[in-house]
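Let me begin by presenting the structure, written as structure tokens, before commenting on it.
Predicted model only: the values in this text are computed from it and were never measured.
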Amino acid sequence: MSLFGALKWVMGRGPGIEGCKREAAAGKAEAQFALGGGYERGMMGLPQNYEESAKWYRKAAEQDHHAAQLYLGIYLAQGRGVEQDVVEGLKWILLAKRGGAWDRTAANETQGRLEALMTEQQIAKARVMALIFAADRGE
């Protein structure tokens, strides 16, 4: 589900912001992703807060939510709401490529731009980190 779809779900037929917060705290990746988007954009009555956004994107990304992996990777590459770490950022972007068509397309474009700024050693390290993450999940 896209970020727009997640936000629409929260505000439309979904649980509303309070329900979204409850579901996110309970570990539901889609709610965590939506909450990350709410904080990123300052929507749903939430203040714009990149640190909070990154926190919720990370929680969803760690549960293998591909869109959240892409957003977290971008945050890490830019140092938005987190300490900049291009290697970890690329790791998450590589993992996002396993998602649907939108995730793959956006991740491919982002990967190319980020790798142009990295050394071969950094790229290799990020690829190993992504492989380890996927292997830990049985892929």
List the atom of [X], the atom of [Y], and the distance in Å for their closest heavy-atom pair.
X: Y75; Y: V82; result: O-CG2, 3.7 Å
X: V86; Y: A77; result: CG1-O, 4.0 Å
X: A68; Y: A60; result: CB-CB, 3.5 Å
X: W56; Y: G36; result: CB-N, 3.7 Å
X: F33; Y: A67; result: CZ-CB, 3.6 Å
X: L94; Y: A130; result: CB-CB, 4.1 Å

Partners meeting side-chain hydrogen bond (donor to acceptor under 3.5 Å, both in side chains) with [X] (sequence neighbours left out):
X: N108; result: K97
X: E109; result: none
X: R127; result: E115

Can you tell me if [X] uses its side chain to pair, donor with acceptor, with the backbone of [Y] under 3.5 Å?
X: Q69; Y: I93; answer: no
X: E23; Y: A31; answer: no
X: Q84; Y: L76; answer: no
X: S53; Y: N49; answer: no

Residue pair Q111 / L90, side-chain heavy-atom distance below 4.5 Å:
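Answer yes - side chains close enough.
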Group every Ile, Leu, Val, Met, Phe, Trp and Tyr by side-chain heavy-atom contacts under 4.5 Å, then state whether V128 and M118 land in the same group.
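Shared cluster, no.
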Cluster link L131 to L70, ILVMFWY, side chain under 4.5 Å
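In one cluster with L131: L70, no.
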Should the heavy atoms of other residues, nucleotides or ligands under 6.0 Å from CD of E51 be counted, would the total exceed 12?
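No, not enclosed.
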Contact list for residues 82-94, test salt bridge (Lys or Arg N to Asp or Glu O under 4.0 Å), sequence neighbours left out
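Residue pairs passing salt bridge (Lys or Arg N to Asp or Glu O under 4.0 Å), neighbours aside: R58-E88.
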Distance check, rounded to the nearest 0.5 Å: [X] atom [atom1] versus [Y] atom [atom2]?
X: H65; Y: E30; atom1: NE2; atom2: CD; result: 3.5 Å
X: M44; Y: K21; atom1: CE; atom2: NZ; result: 9.0 Å
X: L114; Y: Q122; atom1: CG; atom2: CD; result: 8.5 Å
X: T110; Y: Y71; atom1: OG1; atom2: OH; result: 10.0 Å

Does the separation of the ring centres of Y57 and Y39 fall below 6.0 angstrom?
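No: the rings miss the under 6.0 Å criterion.
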Going by salt bridge (Lys or Arg N to Asp or Glu O under 4.0 Å), name the residues that satisfy it together with K59, two or more places apart in sequence or in a different chain.
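K59 satisfies salt bridge (Lys or Arg N to Asp or Glu O under 4.0 Å) with no residue once adjacent residues are dropped.
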Give the C-alpha distance, both sets of side-chain angles, the deciding distance and a yes or no for side chain to side chain contact (heavy atoms under 4.5 Å, CB included) between H66 and R104.
CA-CA 9 Å; H66 300 118; R104 280 192 306 275; over 6 Å; no
Which atom pairs, one a donor and one an acceptor, fall under 3.5 Å between side chains of residues 132-139 and the rest of the protein, sequence neighbours left out?
residue : atom : partner : partner atom : Å
R137    : NH1  : F133    : O            : 3.0
R137    : NH2  : E62     : O            : 3.3
E139    : OE1  : R98     : NH1          : 2.6
E139    : OE2  : R98     : NH1          : 2.5

Do we see a donor-acceptor contact under 3.5 Å between the side chains of Y50 and E52?
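Not at all, the side chains of Y50 and E52 share no donor-acceptor pair under 3.5 Å.
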